[in-house]
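Read the structure below first, then the notes.
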There are 2 protein chains.
Amino acid sequence: MTDKTENSIDHVDTVQSIDRRKFLNTAATAGVAGTFLSMGLTACKQGTTPAVTGNAAPAAAAAEAGHSPHVAPGELDSYYGLWSGGHTGDVRVLGLPSGREIHRIPVFNPDALVGWGVTNESKAVMGTKADGSLKYHVADTHHVHGSYKDGTYDGKYAWVNDKINCRIARMRLDVFVCDKITEIPNIQGFHGIFPDKRDPVDEKINYTTRVFCGSEFSAPLPNDGHDMEDPTKYRSLFTCVDSESMEVRWQALIDGNCDLVATSYDGKLAATNQYNTEGGVIYKDMMSAEKDACVFFNIARIEQAVKDGKFKTYGDSKVPVVDGTLAANKDPKTALIARVPVPKNPHGVNASPDGKYFICAGKLSPTATVIELAQVLKWFDGEVADIAAAIVAEVELGLGPLHTAFDGRGNAYTTIFLDSNVVKWNIESAIKYYKGDKTAKYVVDRIDVQYQPGHLNASMSETKDADGKWLAVGCKFSKDRYLPVGPLHPENEQLIDISGDKMKLVADHPVRPEPHDFIIVKRDIIKPRQVYNMDEFPNAVKDPAESGVTRNGNKVTVKITSMAPAFQLTDFKVKVGDEVTIILTNHDKVEDLTHGFAIEKYNINFIVNPQETKSVTFKAEKAGVYWCYCSHFCHALHLEMRSRMIVEK
Amino acid sequence: MTDKTENSIDHVDTVQSIDRRKFLNTAATAGVAGTFLSMGLTACKQGTTPAVTGNAAPAAAAAEAGHSPHVAPGELDSYYGLWSGGHTGDVRVLGLPSGREIHRIPVFNPDALVGWGVTNESKAVMGTKADGSLKYHVADTHHVHGSYKDGTYDGKYAWVNDKINCRIARMRLDVFVCDKITEIPNIQGFHGIFPDKRDPVDEKINYTTRVFCGSEFSAPLPNDGHDMEDPTKYRSLFTCVDSESMEVRWQALIDGNCDLVATSYDGKLAATNQYNTEGGVIYKDMMSAEKDACVFFNIARIEQAVKDGKFKTYGDSKVPVVDGTLAANKDPKTALIARVPVPKNPHGVNASPDGKYFICAGKLSPTATVIELAQVLKWFDGEVADIAAAIVAEVELGLGPLHTAFDGRGNAYTTIFLDSNVVKWNIESAIKYYKGDKTAKYVVDRIDVQYQPGHLNASMSETKDADGKWLAVGCKFSKDRYLPVGPLHPENEQLIDISGDKMKLVADHPVRPEPHDFIIVKRDIIKPRQVYNMDEFPNAVKDPAESGVTRNGNKVTVKITSMAPAFQLTDFKVKVGDEVTIILTNHDKVEDLTHGFAIEKYNINFIVNPQETKSVTFKAEKAGVYWCYCSHFCHALHLEMRSRMIVEK
């Protein structure tokens with residue numbers, strides 16, 4: 001399985017039936033692992049010889065593109081891209097189709113430009129230890145999704161998760177700032193998130209009210225040092241967070257490891273695909289069962305169970321935990337969950353924009369499974385005996401299918417990791433083919449990508465307004481696609497024009513590892529404000545005449561205002577040992593006229609945007625004169641814009 | 001001076017004589033400040049109506065560009081751009097002309113992807129407090145420059161400075177990693193840096209051996225709490241750092257505030273332009289003198305003075321400090337410095353690639369001053385009585401000239417901040433004009449930029465190989481050039497084709513604030529390695545069989561290896577209260593096959609590139625099972641690649 005011919009499939013473009021490679025459901029466990037190990041590496045090596053993967057073809061494709069990704073100077077992009085920032089712990093805002101990064105929203109990790117993790121306001125959002133220092137500095141962000149109204153984005157919020165320290169954050173899209181972070185209890189390996197699209201009970205509530213969260217890793221519950229060496233007692237949970245309060249509403253015990261999450265357009269169902277339902281703790285054991293699952297949560301029933309007191313709590317957590325395991329939910333009429341069997345170790349689950357299907361990609365199986373939501377609801381109602389009836393198609397797509405996007409014209413686009421391509425396939429044709437019509441050609445097109453694609457997403461793909469214009473593909477390896485920059489390579493986010501029958505690769509965009517996932521939103525949906533209102537900040541220094549120093553014991557408050565090119569105060573005195581709080585209000589009203597405030601040798605920097613107020617608190621540890629300067633270019637006399645902190649012994 | 005007509009100078013393109021605006025050398029101090037205050041704001045407001053600044057023209061120019069900035073998928077850029085990362089504290093590596101960010105090198109601030117500030121190796125470079133925590137988390141990086149050999153880049157090192165906490169860092173360009181950081185004593189407001197281009201004494205040494213550093217802010221010396229309220233006793237210093245050891249060689253007391261730094265091609269001279277020679281502490285006082293200076297340092301004489309013991313030291317610092325003030329250096333034949341008067345509050349100083357001139361931009365004067373280096377050397381030799389004889393031109397360019405780049409064809413390109421344009425002017429014509437030939441048309445071309453440009457640089461401009469192909473312009477305000485993203489705007493790095501007679505704007509690239517400065521290097525100069533040699537790491541776990549846990553009291557060492565898709569150890573045990581050191585060696589050899597190592601809820605993440613070893617040390621504070629997972633996508637079974645840390649009570 002590791003010879004060159006096997007991996008060189010750029011010339012099997014329209015082949016949809018690749019039975020000879022359907023080995024993954026039948027091979028012995030160790031054999032599978034060994035084969036995949038070799039294949040992963042072979043695929044990597046393959047990339048160092050681009051000719052093998054048909055490098056010339058995509059380059060040619062760019063020239064004949066229907067849409068150009070090139071945005072002339074002074075022109076605006078047509079879409080916002082909200083990109084998970086990976087380990088940088090932020091959310092990157094791109095313009096598309098240009099691929100230009102317009103902004104980064106600091107979220108889980110400190111950011112020395114805006115003073116995220118430096119100012120008191122940001123530390124309150126991020127969370128601190130008892131001594132006032134930040135609780136966490138690192139994150140591994142994965143998934144960004146936006147809030148919905150009427151089945152499409154409303155431009156109000158976006159959410160992103162952190163896998164390392166199990167946090168979910170919300171960003172306000174009016175000012176592109178993170179305003180809430182919640183650490184989820186009882187879990188590890190927090191991977192997938194998805195907001196609901198309307199309320200499961202009250203049909204009048206046609207907007208997002210909850211965000212669902214899947215966690216991968218199982219651990220003792222509570223994880224306080226008991227049962228550590230008996231993995232059969234490890235548990236994993238699925239979590240519901242309130243989209244407004246950002247408090248955890250409930251959790252559900254599940255079998256196996258959650259991966260991605262999807263929600264239905266009617267609000268009734270959330271789902272997560274699960275791998276390692278066998279509960280292995282080393283990778284070989286995680287692949288022993290032939291089938292894993294796509295688990296559907298009946299939200300209304302779960303919330304009724306919580307109301308009825310049918311839950312437990314664990315350790316210090318007050319969060320109600322219902323039992324969503326298979327063993328506890330055998331009767332469809334009372335079940336909180338429905339477990340649809342899919343080939344083992346599936347990866348992505350995505351909702352089609354017509355509201356009918358969830359599509360589970362196989363990862364270790366070369367297939368995608370199409371699950372009809374109406375059938376799942378019927379199973380919960382007792383109208384369908386076997387949940388497997390919800391599977392309306394399971395078709396082969398290529399080696400290592402991971403994630404699926406949609407064009408709103410009935411086609412799905414799935415990343416094929418090991419084959420390094422994207423396959424465009426027609427859902428209804430796949431259903432026909434699965435039903436027995438072997439003349440149904442469900443694979444419509446296939447395009448090589450460079451290399452090993454993970455997530456992909458199309459413009460508005462996660463809404464009922466999927467418009468089928470652009471497809472971005474997050475390739476995990478870039479190898480030879482950019483100038484070499486040492487051992488750490490960028491990842492490669494490729495942009496594909498999907499407006500026509502054939503996919504056309506039009507641009508490579510390098511990104512710092514590793515973004516994982518992203519959404520592409522029509523620009524008219526997001527309506528940001530560019531100047532704050534001073535009244536939004538309770539601690540604003542509204543009049544420069546209020547600036548000055550006040551002392552309460554060893555606690556000193558310094559009120560300062562900024563207006564280009566000067567701070568009011570030009571100097572201020574404190575004493576060694578003081579706890580100093582500086583409150584700075586920017587009185588400039590002009591859009592884009594942001595000031596910075598840095599204190600030499602005191603490790604402090606933050607910015608204040610027009611009409612914004614921020615504060616920092618620190619201990620004056622060193623005597624001497626310490627210049628404070630405007631660290632964000634503001635004016636011709638920017639270098640001269642300073643204040644002096646005089647720290648007396 | 002604030003009416004619209006005055007600022008709408010897009011239609012005075014070829015006007016080089018703008019005498020009516022030569023107000024800045026004659027206006028009263030307060031008046032100047034007031035005028036500039038208004039102008040800064042007016043310029044900002046103006047930007048919100050793009051039509052006024054000739055927005056249409058640049059867009060049209062893109063279509064007729066001689067060179068295209070568009071790099072097709074799979075094609076490589078022609079140049080590396082090394083960009084100061086601003087407050088992110090890193091160095092950004094761009095490909096040009098595409099403007100794509102290929103890499104960020106973490107330097108002064110923590111980076112949760114590579115584990116910069118997390119791993120023991122990076123903490124040793126960054127500097128820690130006695131308790132092992134990082135000394136600094138924020139930075140304000142300004143200037144990136146590369147190492148030289150024979151007057152051009154040798155691709156070995158680059159340096160960058162931090163203005164807040166007064167640090168200089170070196171990056172290895174073979175692996176694109178920061179390997180040394182030095183905190184400079186006795187200074188505040190560390191602004192400009194520049195490496196020398198050959199040795200001032202030994203002509204055979206034709207490569208970089210020193211980096212010169214200018215500091216802006218004056219403070220008591222030492223800054224320990226004395227003389228804090230008598231600014232006349234504040235001092236500022238110029239610093240020389242050894243390029244190999246990165247130790248501070250010497251410092252020189254100076255008058256006023258250093259801004260940018262330049263070095264001569266013969267190695268003999270370094271210079272800094274100075275503002276606030278009057279020693280004001282508020283912005284109005286900083287503009288009271290009519291003239292400030294470009295100060296030249298005679299490196300050989302300074303180093304001889306140090307050898308001769310003619311220096312002092314201050315406070316705890318052992319660094320020899322020579323006296324480089326004007327008062328101590330009146331006799332040219334023994335002077336350590338030569339002070340060339342230039343109009344007040346100058347900003348940039350740049351060396352022309354023919355080696356002949358330093359060009360000082362006026363900022364508050366609409367002029368650039370051309371200083372002939374041969375004349376400065378003659379002054380030091382006593383052959384020229386008046387140092388002002390070194391001024392061979394002082395010509396008007398526009399309102400707020402800041403920085404100058406070169407095309408290697410005798411032309412200079414200067415950013416004009418208030419006018420928001422770039423002027424292309426011919427140096428020899430300017431010299432003729434200044435000598436009295438008023439027919440000499442030194443202004444060759446002028447182009448609007450969007451908006452308020454600071455630094456600019458052309459391809460290879462800072463070397464004798466300046467090739468005149470591309471000019472990047474760092475515009476401080478982007479205003480309406482990108483999709484709105486809330487109050488904080490990106491800055492706008494514009495790319496201009498300078499290969500022809502007329503400048504042509506070809507692309508806008510948004511950047512996170514604020515990059516300040518950058519260099520553009522031909523791609524064949526930098527030759528990175530993409531896989532480490534395991535022997536480079538003394539603590540490498542060279543054989544997976546060596547992996548395991550060893551204990552010495554409560555200090556526990558855990559040796560682990562990685563090879564996709566598994567860690568060897570799959571689990572390890574420690575006890576609450578242990579000081580745990582994890583050493584991880586990546587045994588994968590395939591280019592781009594990087595693994596991550598994240599520990600759930602323990603706030604740890606770092607990566608290991610192919611054949612690399614890294615370590616982390618932390619306290620095991622919480623009992624329980626904590627999954628460690630590969631956080632950098634590596635393989636189809638990446639999600640299954642884990643280890644378990646079992647922390648016993």
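In what follows, chains carry the letters A, B, and so on, assigned in the order in which the sequence lines appear, proteins first and then strands, with residues in each chain numbered from 1. Since we're looking at a predicted model, the values are computed, not measured.
A side-chain donor-acceptor contact under 3.5 Å links Trp627(B) to the backbone of Ser218(A). When atom types are taken as modelled, the side chain of His87(A) and the backbone of Ser631(B) share a donor-acceptor pair closer than 3.5 angstrom. A donor-acceptor pair is defined here as one N or O able to donate and one able to accept, closer than 3.5 Å; no such pair exists between the side chain of Arg100(A) and the backbone of Val511(B). The backbone N or O of Val138(B) lies less than 3.5 Å from a partner atom in the side chain of Asn603(A), making a donor-acceptor pair. With hydrogens and angles disregarded, no donor-acceptor distance shorter than 3.5 Å links the side chain of Arg529(B) to the backbone of Pro487(A). A donor-acceptor contact shorter than 3.5 Å is absent between the side chain of Arg644(A) and the backbone of Val281(B).
Between chain A and the residues Asn609(B), Val647(B), Val625(B), the most heavy-atom pairs under 4.5 angstrom are made by Val625(B). Ranked by heavy-atom pairs shorter than 4.5 Å toward chain B, the options Gly189(A), Pro610(A), Pro528(A) are led by Pro528(A). Across Asp508(B), Leu483(B), Ile105(B), the residue that shares the most heavy-atom pairs under 4.5 angstrom with chain A is Leu483(B). Taking chain A as the reference chain and counting heavy-atom pairs below 4.5 Å, the highest number among Leu639(B), Ile646(B), Asp224(B), Leu76(B) is found for Leu639(B). Most heavy-atom pairs under 4.5 Å with chain B, from the set Tyr234(A), Tyr532(A), Phe108(A): that is Tyr234(A). Per-residue counts of heavy-atom pairs under 4.5 Å with chain B were compared for His191(A), Lys135(A), Gln188(A); the largest is that of Gln188(A). Per-residue counts of heavy-atom pairs under 4.5 Å with chain B were compared for Lys649(A), Met286(A), Glu514(A), His638(A); the largest is that of Glu514(A). When each of His137(B), Glu491(B), Arg523(B) is scored by its heavy-atom pairs under 4.5 Å with chain A, the top score falls to His137(B). Contact count versus chain A (heavy atoms, under 4.5 Å) is highest, among Asp111(B), Val531(B), Thr594(B), Thr570(B), for Asp111(B). Counting heavy-atom pairs closer than 4.5 Å to chain B, the top residue among Phe176(A), Phe217(A), Tyr136(A), Tyr482(A) is Phe217(A).
Residue Asn257(A) touches chain B through its side chain alone, counting heavy-atom pairs closer than 4.5 Å. Looking at Tyr80(B), the atoms closer than 4.5 Å to chain A (heavy atoms on both sides) sit in the backbone and in the side chain alike. No part of Asp227(A) comes within reach of chain B, as not one of its non-hydrogen atoms sits under 4.5 angstrom from that chain. With a 4.5 angstrom heavy-atom cutoff, Ile526(A) does not touch chain B via any of its atoms. For chain B, the nearby parts of Met228(A) are the backbone and the side chain; heavy atoms of each come within less than 4.5 Å. Within the 4.5 angstrom heavy-atom criterion, only side-chain atoms of Ile282(A), from C-beta onward, approach chain B. Contacts of Pro484(A) with chain B are made by both backbone and side-chain atoms, with heavy-atom separations under 4.5 Å. Heavy-atom distances place the side chain of Asn109(A), and not its backbone, under 4.5 Å from chain B. Interface remark: Val93(A) contributes side-chain atoms only to the contact with chain B (heavy atom separation under 4.5 Å). Only the side chain of Ile607(B) comes within contact range of chain A, judged by heavy atoms closer than 4.5 Å. Contact of Phe606(A) with chain B is not made at all, since no heavy-atom distance falls under 4.5 Å. Contact of Tyr626(A) with chain B is made through backbone and side chain together, with heavy-atom distances under 4.5 Å. Both the backbone and the side chain of Asn605(B) have a heavy atom closer than 4.5 Å to some heavy atom of chain A. If you measure heavy-atom distances from Val118(B) to chain A, the contacts under 4.5 Å come from the side chain alone. With a 4.5 angstrom heavy-atom cutoff, Tyr602(A) touches chain B only via backbone atoms.
Between the NZ atom in Lys479(A) and the CD atom in Glu591(B) there is a gap of 9.0 Å [rounded to 0.5 Å]. Here the CG atom belonging to Asp592(B) is positioned 12.0 Å from the NZ atom belonging to Lys476(A), to the nearest 0.5 angstrom. We find the CG-NZ distance between Asn223(B) and Lys601(A) to be 9.5 Å, quoted to the nearest 0.5 Å. Asp480(B) CG to Gln530(A) CD: the interatomic distance, rounded to the nearest 0.5 Å, is 9.0 Å. One distance of note links CD1 of Ile604(B) with CD1 of Ile164(A); it measures 9.5 Å at 0.5 Å rounding. Expressed to the nearest 0.5 Å, how far CZ of Arg512(A) lies from CZ of Arg104(B) amounts to 6.0 Å.
No side-chain heavy atom of Leu488(B) sits less than 4.5 Å from a side-chain heavy atom of Glu612(A). In this structure, His103(B) and Pro490(A) have side chains that are not in contact, with every pair of non-hydrogen atoms separated by 4.5 Å or more. Two residues are said to be in side-chain contact when any heavy atoms from C-beta on lie closer than 4.5 Å; Leu113(A) and Pro513(B) meet this criterion. Considering only heavy atoms from C-beta on, Glu229(A) comes within 4.5 Å of Glu648(B) through its side chain. A 4.5 Å side-chain heavy-atom check between Pro510(B) and Glu101(A) finds every atom pair outside the cut-off.
Residues satisfying the side-chain hydrogen bond (donor to acceptor under 3.5 Å, both in side chains) test with Ser478(B), not counting sequence neighbours, are none. For Lys527(A), the salt bridge (Lys or Arg N to Asp or Glu O under 4.0 Å) criterion is met by no residue, not counting sequence neighbours.
Between Phe633(B) and Phe417(A), the ring center distance clears the sub-6.0 Å criterion.
For the residue pair Asn165(A) and Glu600(B), no side-chain donor N or O sits within less than 3.5 Å of a side-chain acceptor on the partner. Between the side chains of Gln452(A) and His635(B), not a single donor N or O lies within less than 3.5 Å of an accepting N or O. Residues Tyr629(A) and Asp140(B) bring a donor and an acceptor atom of their side chains to less than 3.5 Å of each other.
Nearest heavy atom pair, residue Ala112(A) against residue Ala139(B), reads CB-N, 4.4 Å.
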(request) Could you walk me through whether Lys363(A) and Glu640(B) pass salt bridge (charged side-chain N to carboxylate O under 4.0 Å, His left out), step by step? (result) CA-CA 12 Å; Lys363(A) 192 171 81 168; Glu640(B) 288 81 354; 2.8 Å; yes
